[in-house]
Structures are given as structure tokens and as C-alpha cells.
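Presented below is the structure to which this report refers.
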Amino acid sequence: MFSLIVCTIDRFDQLERLFQSLMNQRHRDFEVILVDQNPDDRLLGLIGSFSPFFMIRHIRSAKGLSRARNNGMAAAIGDYVCFPDDDCWYEPDTLETAERLFVDHPELAIVTGRTLDAGGVASVSPTGDTPLAVTRWNYLKCGNSNSIFVRRTVLPGIGGFDENLGVGSDSPFQSGEEADFLLRALAAGNRLMFFPELIVHHDQVTSEYGPRQIERARKYGRGFGALMRKQRFPLAYVAYRLCRPIASWLVAVLRFKADTAHYKRAWLMGILEGYATWPRSRRG
């Protein structure tokens, strides 16, 4: 049985798309734990429409993606736990493939997969086309939270998502929670593997570089900087991760692409701020 922890706020049509895709799953043994962060009852009609077709457990949570996921995990009863966003959707065989991978690889605590848009192009994060053991050095190429599937039995040894990281956190560090989760899973001695045939869909993130995107880049950059500080990455690794946005920023400046330059600079400054300000007491 799978427990799908779906945390949602301010979305309806995309959530309906996800639920439609769940109706088409070939693997039918799953529950949806809908962690509702809305202040009202806007989702009750949608829940009523789909609850005859699969189990939906509706719980409430304060804002914060990591907090909401932790509340969902506390309620999960499935053998496997996963974290589809409210604006993603599944292939008909997504759960079937995940179950097969766990059965074929009993040594694995976590399997991850690819996130693609409707046209089959990588979205949200880059991934490869070949299976890959997840390590401390390639975790950024091995999927994102949409495509993380976990054996529930290993969760106590990993712990939940760090509520000081992630979108909606009370802290300034608005990303990094899923990478931190994978890195702590590795540190606890678990084996993780990326499989390209395990597919979740998500629309492309906008390529525009307007004020909202620039502000988000700075917030997400702070999360990544905090992640590197928390996880005690060596300075050589930190320098490498800083060199990339520096180079992109300089190229944009030389090409007179002002919006792109502002975006790259915001990401760079966010990384530096996050790394510098992550409290030493929170490390570990």
C-alpha cells in the first residue's frame, strides 16, 4: 500500500488533475493524505467527488511545506510513502513501477525517479537516463520531492523534513528540505537509487525573470546555502556551487540581459546569505 502525502494551498484545478491521474493508476492499493493548508473549506467538494474512487484522508495543517509533510507522514499507514505536489500528475503505471522497484530491490530504502513535463522533457530538476545510486555528490541529479518514494519502516531512522527549510517555512530558507531529507537518509546508512523509468509529471517552471521570480530565486538560494552549511559540505564543493551562478551572472551582464543578470545575482546572493546565516545550533 502507498501513502501519497499531498500538501496543498491555493490550488484547485491542478489538484483535480492529480486526482484524475490517480483514478487511472493500475496499482489501486493506495491512500491519499490530503494535507490542507487553506483557511477555508474550498476543497470539500473536490474531495467528495473523488473519495468514492480512492481513499482520501483530509487533515489540516498550518502553512509550511515541510511542516505539512511531517503531519502527513505521522498519519501515513502505507508500506511506502511518497510526496506528490498538488500541481503534478502521475503516469498510469507510476505506482506500479515504484512497487516493482521496491520488490526487485529489497536492499533499497528509497527510490527516486524523473519529473517530466507533458511533452516528456525534464522539468523542475535535471536527471539522467540511466539508473544511478544516489550519493552525497550526485543527489541534485537524482530527482526531486515529487519522485521520492520511501519505505515507511525507514522513516523513524531518517526523521521528518527539517521545518526550518522549505517553502512556507518561518525561516528565510525557502528550499533544500528534500535534498536534506535524502542526505540524512544516506547518513543513516540507507541505500537510495534513481531509476529513469519511474516518472512523475510536472509543468515546466516559468523561464521568465520578473520581480517575483527574482525574489523567489533569492529565497531558494538561501535554502541551498543553508543546506550546504547544515550538511557540512567541504569548502571546495561550496566554491564550485558558487562559481556556476557567478559565471552565469557575468555572461548575462556581458550580453546586456538585465533581467537574467538580476535573477542570477539574486540566486548567488541567496546562497551566500543562507550559508552565512544558518545557525550553528541547527546543524546536524
The single option from I5, N70, T8 that satisfies side-chain contact (heavy atoms from CB on, under 4.5 Å) with V35 is I5

query = When you look at E178 and L182, which way does the side-chain contact (heavy atoms from CB on, under 4.5 Å) test go after all the steps?
reply = CA-CA 6 Å; E178 62 208 56; L182 294 179; 5.8 Å; no

(message) Does this structure show an ion pair linking R11 with D87, if we count only N-O contacts that are shorter than 4.0 Å?
(response) yes

Indicate yes or no for a side-chain donor-acceptor contact from D36 to the backbone of R60 under 3.5 Å, with no hydrogens or angles considered.
no

>> Is it the case that over 12 heavy atoms from other parts of the model lie below 6.0 angstrom from the CZ atom of R42?
In response: yes

Cation over ring, R136 on Y237, under 6.0 Å and within 45°?
-> no

For F12 and L43 the tightest heavy-atom approach is CD1-CD2, 4.1 Å

*asked:* Under 4.0 Å between a side-chain nitrogen and a carboxylate oxygen: does that hold for R17 and D13?
replied: no

query: Between Q204 and A122, is there a donor-acceptor pair closer than 3.5 Å when you use the side chain of the first and the backbone of the second?
result: yes

For N146 and H202, the nearest pair of non-hydrogen atoms, with its separation, is ND2-CD2, 3.7 Å

Rounded to the nearest 0.5 Å, the CH2 atom of W89 sits from the CG atom of L22 at a distance of 13.0 Å

Open item on the list: Run T115 and N144 through side chain to side chain donor-acceptor pair (under 3.5 Å) and show every step you take.
Closed with: CA-CA 8 Å; T115 303; N144 59 81; 2.9 Å; yes

A side-chain contact here means heavy atoms from C-beta on lying under 4.5 Å apart; do T277 and F173 qualify? yes

> Any ion pair linking R151 and D79 (charged N to carboxylate O, less than 4.0 Å)?
Replying inline: no

**Asked** Going through the distances and angles, do S21 and N24 end up as a side chain to side chain donor-acceptor pair (under 3.5 Å)?
**Response** CA-CA 5 Å; S21 75; N24 297 325; over 6 Å; no

Taken to the nearest 0.5 Å, the spacing of M55 CE from M1 CE works out to 4.5 Å

Are R100 and E96 within salt-bridge range, i.e. N to O under 4.0 Å? no

Look only at the side chain of R218 and the backbone of L268, and say whether a donor-acceptor pair between them is shorter than 3.5 Å. no

Nearest heavy-atom approach of E177 to F161 is O-CD2, 3.6 Å

Would a line drawn from the ring center of W249 to the ring center of Y263 be shorter than 6.0 Å?
no

Taking the six-membered ring for Trp, are H262 and Y209 closer than 6.0 Å centroid to centroid? no

For this session: Under the side-chain contact (heavy atoms from CB on, under 4.5 Å) rule, what do I110 and T112 come out as? Steps first, then yes or no, please.
Result: CA-CA 7 Å; I110 296 177; T112 70; 4.0 Å; yes

A side-chain contact here means heavy atoms from C-beta on lying under 4.5 Å apart; do Y240 and L235 qualify? no

### Query
Which word best sums up how the rings of F53 and F50 line up, parallel for under 30°, tilted for 30 to 60°, or perpendicular for over 60°?
perpendicular

| Does W267 have its ring centroid less than 6.0 Å away from the ring centroid of Y220? | no

Output for pair (H58 NE2, L46 CG), nearest 0.5 Å, gives 10.0 Å

May I have the step-by-step check of side-chain contact (heavy atoms from CB on, under 4.5 Å) for L140 and F224, ending in yes or no?
CA-CA 11 Å; L140 291 176; F224 185 52; 4.1 Å; yes

**Q.** Flag side-chain contact, heavy atom, 4.5 Å: Q37 against C7
**A.** yes

Do the side chains of L108 and V81 join up, straight or via other hydrophobic residues, at under 4.5 Å, putting them in one cluster? no

TODO: Decide yes or no for L4 and Y90: does some side-chain heavy atom of the first lie under 4.5 Å from some side-chain heavy atom of the second?
DONE: yes

Verify side-chain contact (heavy atoms from CB on, under 4.5 Å) between F194 and Y139, making sure each step is shown before the conclusion. CA-CA 9 Å; F194 162 78; Y139 66 98; over 6 Å; no

Discussion item. Is there a continuous path of hydrophobic side-chain contacts, each under 4.5 Å between heavy atoms, that joins L132 to M193?
Written reply: no

In F102, F149, F30, the residue satisfying ring-ring contact (aromatic ring centres under 6.0 Å, His included) with Y80 is F102

(message) What I want to find out is whether D170 reaches R67 closely enough, with some N-O distance under 4.0 Å, to be called a salt bridge.
(response) yes

Rounded to the nearest 0.5 angstrom, the CZ-OG distance for R222 and S175 is 10.5 Å

| said: Could you check whether S3 and R57, counting side-chain N and O atoms only, form a donor-acceptor pair closer than 3.5 Å? | reply: no

Would you say F233 ends up clustered with I246 if hydrophobic residues are merged whenever their side chains have heavy atoms under 4.5 Å apart, either directly or through other cluster members?
yes

Using a 4.5 Å cut-off on heavy atoms from C-beta on, say whether the side chain of Q14 contacts that of L18. no

4.5 Å side-chain heavy-atom contact, I158 and N190: yes

Report task. Examine distances only and state if a side-chain atom of H201 and a backbone atom of L116 form a donor-acceptor pair shorter than 3.5 Å. Result -> yes

Which of Q25, E31, H27 passes side-chain contact (heavy atoms from CB on, under 4.5 Å) with F2? It is H27

Indicate the ring-plane relationship of F19 and F54, choosing parallel, tilted or perpendicular according to the 30° and 60° boundaries. perpendicular

* To do: Would you check if the side chain of S51 reaches a backbone N or O of I47 as a donor-acceptor pair within less than 3.5 Å?
  => yes

- Quick check: does any side chain N or O of S147 sit under 3.5 Å from a backbone N or O of G143, one acting as donor and the other as acceptor? no

Legend entry - Worked verdict on N38 versus D40 for side chain to side chain donor-acceptor pair (under 3.5 Å): CA-CA 6 Å; N38 293 298; D40 51 34; 5.3 Å; no

Q231 side-chain N/O to L183 backbone N/O, donor-acceptor pair under 3.5 Å
no

Taking T127 for the side chain and C142 for the main chain, is one N or O donor matched with an acceptor at less than 3.5 Å?
no

Looking at N164, is its backbone amide N or carbonyl O close enough to the side chain of D162 to form a donor-acceptor pair, meaning the two atoms are under 3.5 Å apart?
yes

Taking every heavy atom of D85 against every heavy atom of S145, the minimum-distance pair comes out as OD1-OG, 4.2 Å

Among the clusters formed by ILVMFWY side chains lying less than 4.5 Å apart, do L192 and I148 turn up in the same one?
yes

Worksheet item: Do I271 and R241 touch side chain to side chain, with heavy atoms closer than 4.5 Å?
Response: no

| Same hydrophobic cluster for V167 and M73, using side-chain heavy-atom links shorter than 4.5 Å among ILVMFWY? | yes

dist S61:OG -> L34:CG (nearest 0.5 Å) comes out at 11.0 Å

E197 side-chain N/O to P131 backbone N/O, donor-acceptor pair under 3.5 Å: no

Heavy atoms of I199 and T94 approach each other most closely as O-OG1, 2.8 Å

Smallest heavy-atom separation, G176 atom then L165 atom, equals O-CD1, 4.0 Å

Item checked: Heavy-atom check, side chain of V150 versus side chain of F83, under 4.5 Å -> yes

One should read off an interatomic distance between W137 CH2 and L186 CG, to the nearest 0.5 angstrom, of 11.5 Å

